[in-house]
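These notes are about the structure you will find just below.
In this chain, numbering begins with 1 at the start of the sequence shown.
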Amino acid sequence: MALSEFDLIRRYFSRGPRRPDAAIGIGDDGAVLRPPAGCELVVAMDTLVADVHFPATARATDVGHKALAVNLSDLAAMGAEAAWATLALTLPRPDPAWLEGFAAGFFALAAEHGVQLVGGDTTRGPLTVTVQAHGFIPAGRALGRAGARPGDVLLLSGTVGEAALALAAWRERRILPPAAAGCLERRWHRPSPRLALGRAARDWAHAAIDVSDGVAADLAHLLEASGVGARLELARLPLSAAARAAAAELGLGQEALWRLALSGGDDYELLLAVPPKRLEEALAAGRALGCPCTPIGALSAAPGLQLQRKDGTAFSLASPGYDHFRERQ
């Protein structure tokens, strides 16, 4: 017997964490939520489309995880504590096995961060997942992109480039080296939102942005919002051993790997502007949270983004990062 829309919601999505600050959640015309006194609400929303953001053949658990993770990454960049989410799910057909896997991936990450699903919608059509994540932050403490200052150090969490390598291999139908494949594919399909680091950064960062479209593109957004420029030192980009090994196996040189790391996207790391006097505190916070950070450059009063090789020569990119509409022109 085919699942109805309401059977689908009851069976697969009426589960997960329950928070005392959600007065009304799934099952009514709207959610009623109670942000803590003295806090402001932070809201982020992303849409994932099959064969654009993930292969249509991707494991359902990975799709469920990533759909929530990319939104939690936006909350992390604001310094917010995650609280609630809504989900709009468009399906070609209600496949029970796929739905169970999707729900398992989604709610495992939700439980890890105490996020309650409080509403949404289901409909028929091409596979598309839209999540809106809600969190809160003490009033006036949001990070955002606009507070960076000349002289700040650029700090990048984690490593970059692995997801871009996995995506490039999938698009070009190439086989990743077995020793690196697991690491790279996990980074592509199951990103780790840096929520704890974002909350800690409220104490020592001037600005932050999550790296979703590529280091260069997202840094450019931060620079524009803050009215500053930057010098980025390519030799300091944090590239994992797995990324280096895979690039070598695929015949990519150092500069090709830099291009992927700068413009490939899907890293979901945090890029932070930190005053020099707080740098050691920031580095210590990253280590304590299991998310080491790397200084990759500095901000300047002169506008623009300068990319420099180790010998000081300039490096250029044909495209700074992913853009849905430019890529299809």
Query raised in the report: So, for Ile137 and Ala80, which heavy atoms are closest and what is the spacing to 0.1 Å?
Result: CD1-N, 4.1 Å
Query raised in the report: What closest approach, in Å, do Leu155 and Ala282 show between heavy atoms, and which atom pair accounts for it?
Result: CD2-CB, 3.6 Å
Query raised in the report: So do the side chains of Trp170 and Leu165 get within less than 4.5 Å of each other, counting heavy atoms only?
Result: no
**Report entry** Shortest non-hydrogen contact from Trp204 toward Val274
**Finding:** O-CG1, 3.8 Å
Query raised in the report: With hydrophobic residues grouped by side-chain heavy-atom distances under 4.5 Å, do Val129 and Leu99 end up in a single group?
Result: yes
**Report entry** Short side-chain donor-acceptor distance under 3.5 Å, Thr90 and Thr128
**Finding:** no
Query raised in the report: Is there a side-chain contact between Arg10 and Ile26 (heavy atoms, below 4.5 Å)?
Result: no
Query raised in the report: Counting distance only, does the side-chain N/O of Arg278 pair as donor-acceptor with the main-chain N or O of His206 below 3.5 Å?
Result: no
Query raised in the report: side-chain contact (heavy atoms from CB on, under 4.5 Å) with Ile296: which of Leu271, Leu234, Val160, Leu219?
Result: Leu271
Query raised in the report: Below 4.5 Å, heavy atoms only, C-beta onward: do Leu87 and Leu117 meet side chain to side chain?
Result: yes
Report task. Would you check if the side chain of Asn71 reaches a backbone N or O of Ala67 as a donor-acceptor pair within less than 3.5 Å? Result -> yes
Query raised in the report: Is there a path from Val42 to Leu33 through hydrophobic residues (I, L, V, M, F, W, Y) whose side chains come within less than 4.5 Å of each other?
Result: no
Query - Donor + acceptor pair across side chains of Trp188, Asp62 (<3.5 Å) - result: no
Report task. Report whether Ile9 and Phe106 are members of the same hydrophobic cluster (ILVMFWY, side-chain heavy atoms less than 4.5 Å apart, transitive linking). Result -> yes
**Report entry** Test side-chain contact (heavy atoms from CB on, under 4.5 Å) applied to Glu81 and Leu195, step by step
**Finding:** CA-CA 7 Å; Glu81 179 175 340; Leu195 283 158; over 6 Å; no
Query raised in the report: Short question: side chain of Arg187, backbone of Thr159 - any donor-acceptor pair under 3.5 Å?
Result: yes
Query raised in the report: Which pair of heavy atoms, one from Gly151 and one from Pro276, lies closest together, and at what distance?
Result: O-CG, 3.3 Å
Query raised in the report: Got more than 12 heavy atoms from elsewhere within 6.0 Å of CG, Asp311?
Result: yes
Query raised in the report: Is the side chain of Arg190 donor-acceptor paired with the backbone N or O of Glu185 at a distance under 3.5 Å, no angle test?
Result: no
Query - Salt bridge present between Glu100 and Arg15 (N-O < 4.0 angstrom) - result: yes
Query raised in the report: Around Glu224, counting heavy atoms of other residues, nucleotides and ligands shown, do more than 12 lie under 6.0 Å from its CD?
Result: no
Requested in this report: Test Val115 against Trp84 for side-chain contact (heavy atoms from CB on, under 4.5 Å), laying out the working first.
Outcome: CA-CA 5 Å; Val115 175; Trp84 316 287; 5.5 Å; no
Report summary line: Correct closest heavy-atom pair for Val228 and Ala148 would be CG1-O, 3.8 Å
Requested in this report: For the pair Arg174 and Glu249, find out whether any cationic side-chain nitrogen is under 4.0 Å from an anionic carboxylate oxygen.
Outcome: no
Report task. May I ask you to say whether Arg171 pairs ionically with Asp51, meaning some side-chain N is under 4.0 Å from a carboxylate O? Result -> no
Query raised in the report: Relative to the ring of Phe13, is the ring of Phe107 parallel (under 30°), tilted (30 to 60°) or perpendicular (over 60°)?
Result: tilted
Report task. Taking only Lys NZ, Arg NE, NH1 and NH2, and the carboxylate oxygens of Asp or Glu, determine whether Glu255 and Arg309 approach each other closer than 4.0 Å. Result -> yes
Requested in this report: Indicate yes or no for a side-chain donor-acceptor contact from Gln132 to the backbone of Thr86 under 3.5 Å, with no hydrogens or angles considered.
Outcome: no
Query raised in the report: So, Lys66 and Asp266, do they make that salt bridge, N to O below 4.0 Å?
Result: yes
Report task. Begin from the C-alpha positions of Asp210 and Asp218 and carry the test side-chain contact (heavy atoms from CB on, under 4.5 Å) through to its verdict. Result -> CA-CA 7 Å; Asp210 89 313; Asp218 291 312; 5.6 Å; no
Requested in this report: For Glu162 and Ser240, test the side chains for any donor-to-acceptor distance below 3.5 angstrom and give the result as yes or no.
Outcome: yes
**Report entry** Short N-O contact, Arg231 and Glu233, less than 4.0 angstrom
**Finding:** yes
Query raised in the report: Okay, side chain of Asp152, backbone of Arg149: is any donor-acceptor separation there less than 3.5 Å?
Result: yes
Query raised in the report: Hey, any chance Leu270 and Leu305 share a hydrophobic cluster, counting ILVMFWY side chains that come within less than 4.5 Å of each other, even indirectly?
Result: no
Query raised in the report: Around atom CZ of Arg93, are there more than 12 heavy atoms of other residues, nucleotides or ligands at under 6.0 Å?
Result: no
Query raised in the report: Between Ala133 and Leu75, which heavy-atom pair has the shortest distance, and what is it?
Result: CB-CD1, 3.9 Å
Query raised in the report: Looking only at atom types and distance, does a side-chain atom of His53 sit under 3.5 Å from a main-chain N or O of Val49, one as donor and one as acceptor?
Result: yes
Query - Side-chain (Ser226) to main-chain (Leu222) donor-acceptor, under 3.5 angstrom - result: yes
**Report entry** Step-by-step side-chain contact (heavy atoms from CB on, under 4.5 Å) determination, Leu272 to Leu156
**Finding:** CA-CA 6 Å; Leu272 302 145; Leu156 180 61; over 6 Å; no
Query raised in the report: Between Glu269 and Arg194, is a salt bridge (Lys or Arg N to Asp or Glu O under 4.0 Å) present by the stated rule, with each step listed?
Result: CA-CA 7 Å; Glu269 295 293 348; Arg194 306 302 190 183; 2.8 Å; yes
Query raised in the report: Are Pro150 and Ser300 side-chain neighbours, meaning at least one heavy-atom pair lies under 4.5 Å?
Result: no
Query raised in the report: Would a 4.5 Å heavy-atom cut-off, applied to side chains only, mark Leu299 and Val153 as touching?
Result: no
Requested in this report: Determine, using the 4.5 Å side-chain heavy-atom cutoff (strictly less than), whether Val43 and Met45 are members of one ILVMFWY cluster.
Outcome: no
Report task. May I ask you to decide if Gly30's main-chain N or O and Asp28's side chain share a donor-acceptor pair within less than 3.5 Å? Result -> no
